[in-house]
Number of protein chains: 2
Amino acid sequence: MASETHSTRERLIGAAARLFQERGYASTGLNDVLAAARAPKGSLYHHFPDGKEGLAVAAAALASERFLATICKDASDSGDATQMIARFASRLAGWLEQSGFKLGCPVATLTLEQAAVSDRLASTLSAAFSSWQDALAARLKADGISEHRSGELALLALCAIEGALVLARAKRSAAPVMEVAGTLGALFAREA
Amino acid sequence: MASETHSTRERLIGAAARLFQERGYASTGLNDVLAAARAPKGSLYHHFPDGKEGLAVAAAALASERFLATICKDASDSGDATQMIARFASRLAGWLEQSGFKLGCPVATLTLEQAAVSDRLASTLSAAFSSWQDALAARLKADGISEHRSGELALLALCAIEGALVLARAKRSAAPVMEVAGTLGALFAREA
DNA sequence: CAATATATAGACCGGTCGGTCTATGTGGAG
DNA sequence: CTCCACATAGACCGACCGGTCTATATATTG
């Protein structure tokens with residue numbers, strides 16, 4: 001043990017999170033995850049007795065934390081909400097372009113494929129979206145916008161960015177993300 | 001022939017469109033589609049020599065047309081863009097709730113799963129989103145909003161609704177769709 | 001009528017799926 | 001040292017996958 005920087009469990013979750021984001025749940029075989037994590041099948045079922053579903057829950061939780069950390073970083077690095085949105089959109093556009101438009105939202109594909117099937121996964125994903133919305137709302141509130149209005153605008157922004165990431169993948173262009181971010185940024189500037 | 005209201009080809013496309021929307025691409029087996037369309041496998045490969053990918057392109061085109069028709073109907077039935085968004089969101093909320101939160105955007109799951117894989121599907125999906133955006137923009141322009149601003153707001157609205165449909169499936173609640181629509185409606189009212 | 005293209009019908013194939021199983025290695029507690 | 005829980009290791013299973021194949025029925029056309 002400790003021969004690797006990450007334990008087998010962590011490598012499994014990390015590989016699963018990346019593959020589920022890129023290819024989705026159903027198209028990602030457990031053998032793909034095992035190969036990427038350099039782990040045998042026995043280890044997977046030792047750490048995740050529930051199999052693929054349990055692995056997906058853990059992967060979604062990891063993706064949720066990482067994305068939240070990114071949002072919080074961009075929020076604290078920015079002087080206002082308009083700047084935050086611009087920074088965040090640029091980052092997402094970079095991810096899209098560098099990955100050949102494979103990397104969008106870390107959990108959107110998982111949500112659309114599995115939220116209606118797995119209760120555990122649905123609640124993890126629901127919490128993820130709420131935490132992201134709350135982080136955006138906190139930045140808006142810090143700009144002097146009312147609590148209620150901050151929540152409303154944060155939901156609009158989150159949904160618009162999520163939708164723009166879907167369009168971006170269909171069009172293979174980051175333009176929808178950048179354009180939507182511009183519109184949102186102008187809206188925020190008018191509110192503050 | 002004509003013994004059925006729909007030809008075998010049409011039944012195959014219809015069944016595929018419905019199943020891809022509900023379960024996604026990878027989770028929908030061809031045998032599921034064949035059973036739903038009451039057709040043998042030979043017919044599928046007769047009408048769609050490219051197999052699953054060709055079927056998905058046809059299903060996406062059908063879904064695109066139907067959704068466009070829905071948007072256009074709500075647009076023409078409404079006095080202004082604010083009313084249109086409210087009507088459209090109510091309709092989507094109804095679909096979500098009546099289906100147990102299985103039916104969201106007719107092509108979003110397909111997009112996230114396959115847009116990076118299939119060029120033909122990506123271009124069909126890209127055209128679908130553009131046609132929807134154009135229909136929304138036309139309604140905004142009819143309210144007296146400038147051409148450029150109409151396009152900008154239409155993109156924001158489309159992306160926000162798409163994203164709200166993702167959140168709605170994770171949360172198993174139509175609330176995100178209704179709330180986002182409310183925010184968008186108020187924004188439109190301020191612009192006109 | 002015969003001839004031909006269109007469409008239906010489903011058995012069948014190799015490959016891959018998620019999951020189970022038994023066996024082996026390993027590190028700390030007594 | 002023994003002992004035992006933890007973890008690794010991968011062979012193996014039945015089910016299902018998308019796709020191919022041959023055979024048959026049904027229109028259309030000369």
Side-chain angles (χ1 to χ4, degrees), chain A residues 1-20 22-60 109-110 113-121, chain B residues 1-20 22-60 109-110 113-121:
Chain A
M1 197 179 297
S3 63
E4 290 282 346
T5 314
H6 302 285
S7 70
T8 299
R9 185 169 209 273
E10 286 169 333
R11 274 183 287 123
L12 284 169
I13 298 174
R18 193 171 54 81
L19 289 170
F20 287 157
E22 270 190 27
R23 305 185 205 166
Y25 183 83
S27 298
T28 299
L30 292 183
N31 292 330
D32 299 334
V33 177
L34 294 171
R38 278 160 295 117
K41 194 164 277 193
S43 295
L44 196 159
Y45 280 90
H46 170 71
H47 293 291
F48 301 97
D50 292 341
K52 199 178 188 183
E53 183 182 0
L55 181 61
V57 171
T109 318
L110 212 47
E113 281 185 282
Q114 290 292 314
V117 174
S118 164
D119 291 354
R120 291 169 58 208
L121 194 51
Chain B
M1 200 179 297
S3 62
E4 291 282 346
T5 314
H6 302 285
S7 70
T8 298
R9 185 168 208 272
E10 287 169 331
R11 274 183 287 123
L12 284 168
I13 297 174
R18 192 172 54 81
L19 289 171
F20 287 156
E22 271 189 27
R23 305 185 204 166
Y25 183 83
S27 298
T28 300
L30 292 183
N31 291 330
D32 299 333
V33 177
L34 294 170
R38 278 160 296 119
K41 194 165 275 193
S43 295
L44 195 159
Y45 280 90
H46 170 73
H47 293 290
F48 301 98
D50 293 341
K52 200 178 187 182
E53 182 183 0
L55 180 61
V57 171
T109 318
L110 212 47
E113 282 185 282
Q114 291 292 314
V117 174
S118 163
D119 292 353
R120 291 169 58 207
L121 194 52

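Numbered from 1 within each chain, the chains take letters A, B, ... in sequence-line order.
Distance CZ (R11(B)) to P (dA7(C)): 13 Å, rounded to an integer number of Å. Rounded to whole Å, atom C1' of dT8(C) lies 8 Å from atom NE2 of H47(B). Per the geometry, CG belonging to L55(B) stands 10 Å off P belonging to dG19(D), to the nearest Å. Regarding Q114(B), its CD atom lies at a distance of 11 Å from the P atom of dG18(D), rounded to whole Å. Between the CD atom of E10(A) and the C1' atom of dT8(D) there is a distance of 17 Å, given to the nearest Å. If you take NZ of K52(A) and P of dT20(C), they are 14 Å apart, rounded to a whole angstrom. Regarding F48(B), its CZ atom lies at a distance of 11 Å from the P atom of dA7(C), rounded to whole Å. Between L34(B) atom CG and dT20(D) atom C1' the separation is 14 Å, expressed in whole Å.
For the atom pair NE2 (H47(B)) and CZ (R9(B)), the distance works out to 7.0 Å, reported to the nearest 0.5 Å. In this structure, CD on Q114(A) lies 5.0 Å from OH on Y25(A), to the nearest 0.5 angstrom. In this structure, NZ in K41(A) is found 4.5 Å from CG in N31(A), a value given to the nearest 0.5 Å.
Of the two residues contacting DNA chain D, namely S27(B) and A39(A), the nearest-nucleotide position lying further toward the 5' end is that of A39(A).
Across all strands shown, G51(A) has heavy atoms under 4.0 Å from sugar-phosphate atoms exclusively, and none from any base.
Counting only heavy atoms from C-beta on, T8(B) has its side chain closest to dT8(C) among dG18(C), dT8(C), dT20(D). Closest contact between the side chain of H46(A) and the listed nucleotides dT20(D), dT8(C), dC6(D) involves dC6(D). In the set dG19(D), dG19(C), dT8(D), dG19(C) carries the atom at the smallest distance from any side-chain atom of Y45(A). Closest contact between the side chain of P40(B) and the listed nucleotides dA9(C), dA9(D), dG19(C) involves dA9(C).
Side-chain atoms of K41(A) come within donor-acceptor range of the base of dG19(C), with a qualifying N/O pair under 3.5 Å.
T28(B) and L19(B) make their closest contact through OG1-O, 3.3 Å (heavy atoms, listed as atom of the first residue, atom of the second, distance). Nearest heavy atom pair, residue A39(B) against residue T8(B), reads CB-CG2, 3.9 Å.
N31(B) has no side-chain polar atom (N or O) that falls below the 4.0 Å cut-off from OP1 or OP2 of dG18(D).
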